[in-house]
Asker: 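What follows is a single structure, and I will ask about it in a moment.
Note that the coordinates shown come from a computational prediction; the quantities given were computed from them, not determined experimentally. Basis for what follows: all heavy atoms, side chains included, without hydrogens, waters or symmetry-related copies.
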Amino acid sequence: MTWRTVVPVGVVVATAAPVLLLCLVQALGLRVARDGGRVRVVRDGALRAGPWTWARRSLLVVLLAVVALTPAVTTTQPGGARTGVQAWFVVDRTGSMAAEDWGRGDPAPRQPGLPPEPTVRRLDGARHDVVSLATDLSGGSFAVIGFADEAGTQLPLTDDVNAVRAWAQTVTQEVTASSAGTLRDRPLDVLRRSLEDAAERDPGMVRLVFYLSDGEQTGEGTAASFADVAPLVDGGAVLGYGTAAGARMRSYDGTVDPDPPYIADPAGGDAVSRLDEAGLRAVAEQLGVPYVHRTGPTPTADLVADVDAATVAADGRRDVTGTRDVVWPFALAAALLLAAEAWTWARASSRRRSA
């Protein structure tokens with residue numbers, strides 16, 4: 001049993017305690033007397049009502065206090081919560097995601113005299129996969145968390161796949177001049193809050209997390225673990241972009257530049273970013289999801305082929321827990337005592353009139 005405390009506990013105690021104390025004092029036949037400068041509690045043989053009357057009134061006060069506190073019991077309604085799929089896309093927007101080693105890119109000429117095969121940025125791969133996965137999970141809800149020097153929700157949960165496509169068409173890498181280095185755990189706090197809010201709001205939903213990054217960590221400090229959000233995650237994947245050999249990255253100043261320069265290495269030459277698969281595998285292990293190296297615009301349906309919302313939600317998460325008030329037994333007992341009190345007062349009044 002629990003208490004809903006419709007009336008605050010302090011109000012109930014402040015109201016009921018003095019009245020109950022008075023009733024108990026009267027039931028015991030006590031009164032406060034002064035003997036010179038001393039105060040004593042003595043028995044009073046001149047009480048108008050007997051001890052059982054005051055005991056009944058004491059019980060009535062207790063019952064009314066219980067009614068005010070509103071006792072309740074916990075109830076569970078099986079299958080009462082709606083179910084479905086919610087997916088979070090956690091996308092790396094740091095400068096390293098501009099490295100041109102995803103897709104068909106090959107810096108070597110295909111044949112003598114021919115230009116190199118066109119290269120594609122890692123971020124373009126992430127954009128492709130976000131839209132592809134959202135299409136594969138048609139009917140679900142989607143959120144996008146982007147991270148670079150800071151992390152933030154770039155698209156709140158929505159069931160509009162077109163909104164995901166619009167985000168993918170407009171997302172850019174971070175401005176190179178403001179880069180503060182990469183940390184794999186930078187989106188962790190934002191992801192945790194978003195998952196917790198969703199779990200509280202829609203407990204019956206199946207929650208998937210897709211972490212899209214090259215895993216490169218250049219910022220100071222040690223990356224925190226994603227293990228503490230794993231209980232909120234039912235599936236997903238960590239998707240890795242890039243190559244171990246690495247590639248150069250073009251800079252970005254926030255404007256449209258068809259041929260921006262490559263980011264320079266402080267030691268000389270162009271900076272090169274390399275895929276860190278070990279770091280990404282660690283994130284995948286912490287989240288309890290598989291790691292997949294994405295090397296081109298291949299289908300993503302196999303990444304969500306095993307997602308069955310009804311099966312996952314059969315673990316009891318759809319059960320709705322609530323409370324049911326059990327005031328009536330106490331209210332009924334109080335009503336009976338009030339009726340007895342009214343009858344007693346009526347009899348006493350009739351006797352006085354007869355006398």
Side-chain angles (χ1 to χ4, degrees), residues 81-94 97 123 126-127 129-130 133-134 137 140-161 163-164 166-168 170-174 178-215 217 219-239 279-280 282-291 303-304 307 309 312-313 315-321:
R82 69 189 184 106
T83 188
V85 175
Q86 296 175 329
W88 280 258
F89 301 113
V90 184
V91 183
D92 186 349
R93 294 179 47 250
T94 56
M97 288 293 284
L123 185 58
R127 294 165 59 184
D129 288 348
V130 166
L133 285 165
L137 294 168
S141 298
F142 315 100
V144 178
I145 296 175
F147 69 97
D149 59 323
E150 294 181 348
T153 299
Q154 299 195 321
L155 182 67
L157 271 173
T158 177
D159 57 4
D160 186 356
V161 177
V164 179
W167 171 86
T170 57
V171 65
T172 62
Q173 71 189 82
E174 66 178 337
S178 64
S179 176
T182 306
L183 287 171
R184 285 189 293 270
D185 66 341
R186 192 159 279 155
L188 179 57
D189 289 339
V190 177
L191 177 62
R192 181 192 297 109
R193 289 195 298 270
S194 186
L195 288 170
E196 289 174 345
D197 290 345
E200 181 178 355
R201 185 171 56 251
D202 290 308
M205 290 293 184
V206 173
R207 294 174 291 278
L208 310 178
V209 172
F210 296 93
Y211 182 96
L212 301 84
S213 175
D214 54 27
Q217 177 145 323
E220 296 182 0
T222 303
S225 174
F226 282 77
D228 61 340
V229 302
L232 298 170
V233 178
D234 299 303
V238 172
L239 308 182
L280 292 175
V283 173
E285 182 178 355
Q286 293 159 9
L287 286 172
V289 299
Y291 166 72
L303 298 176
V304 294
V307 175
V312 176
D315 59 1
R317 70 181 64 195
R318 295 185 61 198
D319 297 346
V320 177
T321 301

Asker: side-chain hydrogen bond (donor to acceptor under 3.5 Å, both in side chains) with Glu150: which residues, sequence neighbours excluded?
Answerer: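 Expected list: none.
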Asker: If the condition is side chain to side chain contact (heavy atoms under 4.5 Å, CB included), which residues does Glu196 pass it with, not counting sequence neighbours?
Answerer: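 Only Arg192, Leu232 meet the side chain to side chain contact (heavy atoms under 4.5 Å, CB included) criterion with Glu196.
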Asker: Not counting sequence neighbours, which residues clear salt bridge (charged side-chain N to carboxylate O under 4.0 Å, His left out) with Arg93? List them please.
Answerer: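 Arg93 satisfies salt bridge (charged side-chain N to carboxylate O under 4.0 Å, His left out) with no residue once adjacent residues are dropped.
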Asker: About how many Å separate CG of Leu191 and CZ of Arg186, when rounded to the nearest 0.5 Å?
Answerer: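 It is 15.5 Å, given to the nearest 0.5 Å.
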Asker: Could you grab the distance from atom CD1 of Ile145 to atom OG of Ser194, nearest 0.5 Å is fine?
Answerer: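 Ile145 CD1 to Ser194 OG: 5.0 Å, rounded to 0.5 Å.
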Asker: Which heavy-atom pair separates Leu212 from Phe210 by the least distance, and what is that distance?
Answerer: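 Heavy-atom minimum between the residues: CD1-O, 3.2 Å.
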Asker: Tell me every residue that passes salt bridge (charged side-chain N to carboxylate O under 4.0 Å, His left out) with Asp92, counting only those two or more places apart in sequence or in another chain.
Answerer: none
Asker: I need the minimum non-hydrogen distance between Ala151 and Pro187, along with the two atoms involved.
Answerer: CB-CA, 3.6 Å
Asker: Please identify each residue that fulfils side-chain hydrogen bond (donor to acceptor under 3.5 Å, both in side chains) with Ser179, with sequence neighbours left out.
Answerer: Glu174
Asker: Could you grab the distance from atom CD of Gln286 to atom CG of Asp228, nearest 0.5 Å is fine?
Answerer: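 Going from the CD atom of Gln286 to the CG atom of Asp228 covers 9.0 Å.
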Asker: Between Leu123 and Val91, is any pair of side-chain heavy atoms under 4.5 Å apart?
Answerer: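 Side chain of Leu123 against side chain of Val91, heavy atoms only: contact under 4.5 Å found.
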Asker: Minimum heavy-atom separation for Gly236 and Pro290, please, with both atom names.
Answerer: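 What the structure gives for the nearest pair is O-CD, 3.4 Å.
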Asker: Do Val130 and Val171 have side chains that get closer than 4.5 Å, going by heavy atoms?
Answerer: no
Asker: Closest approach of Ser213 and Gly215, non-hydrogen atoms and distance?
Answerer: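 For Ser213 and Gly215, the tightest heavy-atom pair comes out as OG-N, 2.9 Å.
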Asker: Start with the C-alpha gap between Val190 and Trp88, add the side-chain angles, then the distance that decides, and say whether side-chain contact (heavy atoms from CB on, under 4.5 Å) holds.
Answerer: CA-CA 11 Å; Val190 177; Trp88 280 258; over 6 Å; no
Asker: Quick one: closest heavy-atom pair of Leu157 and Gln86, and the distance?
Answerer: CD1-NE2, 3.8 Å
Asker: Among all residues two or more places apart in sequence or in another chain, which pass the ring-ring contact (aromatic ring centres under 6.0 Å, His included) test with Tyr211?
Answerer: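 Residues passing ring-ring contact (aromatic ring centres under 6.0 Å, His included) with Tyr211: Phe147, Phe226.
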Asker: Holding to side chain to side chain contact (heavy atoms under 4.5 Å, CB included), I want the full list of residues that pass it with Ala224, two or more places apart in sequence or in another chain.
Answerer: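 For Ala224 the side chain to side chain contact (heavy atoms under 4.5 Å, CB included) partners, ignoring immediate neighbours, are Asp185, Leu188.
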Asker: Are Leu239 and Leu133 side-chain neighbours, meaning at least one heavy-atom pair lies under 4.5 Å?
Answerer: yes
Asker: Once side chain to side chain contact (heavy atoms under 4.5 Å, CB included) is applied, do any residues pair with Gln217, and if so which ones, sequence neighbours excluded?
Answerer: Leu183, Arg184, Ala223
Asker: Please name all residues satisfying side chain to side chain contact (heavy atoms under 4.5 Å, CB included) with Ala163, sequence neighbours left out, ordered by chain then number.
Answerer: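 Result, side chain to side chain contact (heavy atoms under 4.5 Å, CB included) vs Ala163: Leu155, Thr158, Asp160.
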Asker: Roughly how far, to the nearest 0.5 Å, is CG of Leu303 from CG of Leu137?
Answerer: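 So the CG of Leu137 and the CG of Leu303 are separated by 9.5 Å.
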Asker: Can you establish whether the number of heavy atoms outside Glu285 located under 6.0 Å from its atom CD is more than 12?
Answerer: no
Asker: Ignoring hydrogens, what is the shortest heavy-atom contact between Val164 and Ala134? Give both atom names and the distance.
Answerer: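 Minimum heavy-atom separation between Val164 and Ala134: CG1-CB, 4.0 Å.
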Asker: Quick one: are Val209 and Val289 in side-chain contact, heavy atoms under 4.5 Å?
Answerer: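 No; the side chains remain at least 4.5 Å from each other.
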Asker: State whether the side chain of Asp234 and the backbone N or O of Arg207 hold a donor-acceptor pair below 3.5 Å, judged by distance alone.
Answerer: yes
